[in-house]
Amino acid sequence: MKNASIGYYDDQLAKADEIRVHVLSQIDQACRDNWLKIYYQPLIDIQNMKLAECEALSHWIDPRYGFLSPGKFIPALEANREVYKVDCHALEGYGQDAEFLREKEKEIFRRL
């Protein structure tokens with residue numbers, strides 16, 4: 001076979017597989033118990049240097065594995081068609097944050 005390669009199963013691959021299995025088995029609890037944290041990344045309009053919008057990013061703070069970046073959990077969820085659970089959690093969290101700001105009479109985004 002042309003361009004064939006051999007891979008070795010090592011501790012790093014074993015750990016990645018362990019986390020993948022954990023993510024798939026714990027996604028519902030992660031959403032329910034708020035292990036998924038939403039971080040808002042501002043996007044600035046460079047013409048007027050004002051906030052144009054924000055991107056919601058999810059990070060998983062796991063009681064067993066600690067901080068899991070999206071690269072650690074999103075691919076496993078995408079491969080198993082469960083990434084929508086992260087999206088739904090982020091939308092629900094955004095709604096709660098928006099309501100909190102409305103109650104404080106703060107605008108979510110200033111009008112440009």
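Predicted, not measured: the structure shown is a model, and the values here were computed from it.
- The neighbour count for F67 CZ, taken as heavy atoms of other residues, nucleotides or ligands under 6.0 Å away, is above 12.
- Separation of atoms CD (E55) and CG (L43) is listed at 6.0 Å; rounding is to 0.5 Å.
- Open room surrounds CD on Q12; 12 or fewer heavy atoms of other groups in view lie less than 6.0 Å from it.
- Closest approach of A90 to S58, counting heavy atoms only: CB-OG, 4.2 Å.
- By the 6.0 Å contact criterion, NZ on K72 is open, its count of non-hydrogen atoms from other residues, nucleotides or ligands being 12 or less.
- Between M49 and I46, the shortest heavy-atom contact is SD-O, 3.6 Å.
- V23 is not connected to I38 by any chain of hydrophobic side-chain contacts under 4.5 Å among Ile, Leu, Val, Met, Phe, Trp and Tyr, and they are in different clusters.
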Decide yes or no on side-chain contact (heavy atoms from CB on, under 4.5 Å) for K85 and D28, but give the supporting numbers first.
-> CA-CA 8 Å; K85 293 177 180 181; D28 293 327; 3.0 Å; yes

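- Expressed to the nearest 0.5 Å, how far CD1 of I44 lies from SG of C54 amounts to 7.5 Å.
- With a 6.0 Å radius and a threshold of 12 heavy atoms from other residues, nucleotides or ligands, D11 has its CG atom at or below the threshold.
- Between Y40 and Y94, the angle of the ring planes goes over 60°, which puts this pair in the perpendicular group of the 30/60° scheme.
- When side chains are defined from C-beta on, Y65 counts as touching I19, because their heavy atoms get closer than 4.5 Å.
- In this structure, the separation between CZ on F73 and NE2 on H59 is 7.5 Å, given to the nearest 0.5 Å.
- Shown here is E78, whose CD atom has more than 12 heavy atoms of other residues, nucleotides or ligands within 6.0 Å.
- Side-chain contact between L36 and C31: present, with at least one pair of heavy atoms (C-beta onward) separated by less than 4.5 Å.
- In this structure, the separation between NE2 on H89 and CH2 on W60 is 10.5 Å, given to the nearest 0.5 Å.
- The neighbour count for Q47 CD, taken as heavy atoms of other residues, nucleotides or ligands under 6.0 Å away, does not exceed 12.
- Between V86 and I27, some side-chain heavy-atom pair lies under the 4.5 Å cut-off.
- Between E18 and R64, at least one side-chain nitrogen of the basic residue sits less than 4.0 Å from a carboxylate oxygen of the acidic one, meeting the salt-bridge criterion.
- How far CD of Q29 is from CG of D62: 9.0 Å, rounded to the nearest 0.5 Å.
- When the side chains of ILVMFWY residues are joined at heavy-atom separations under 4.5 Å, either directly or via intervening members, L24 and L68 end up in a single hydrophobic cluster.
- With hydrogens and angles disregarded, a donor-acceptor distance shorter than 3.5 Å links the side chain of N80 to the backbone of A76.
- Distance check, rounded to the nearest 0.5 Å: CG of L13 to CG of D10 gives 4.5 Å.
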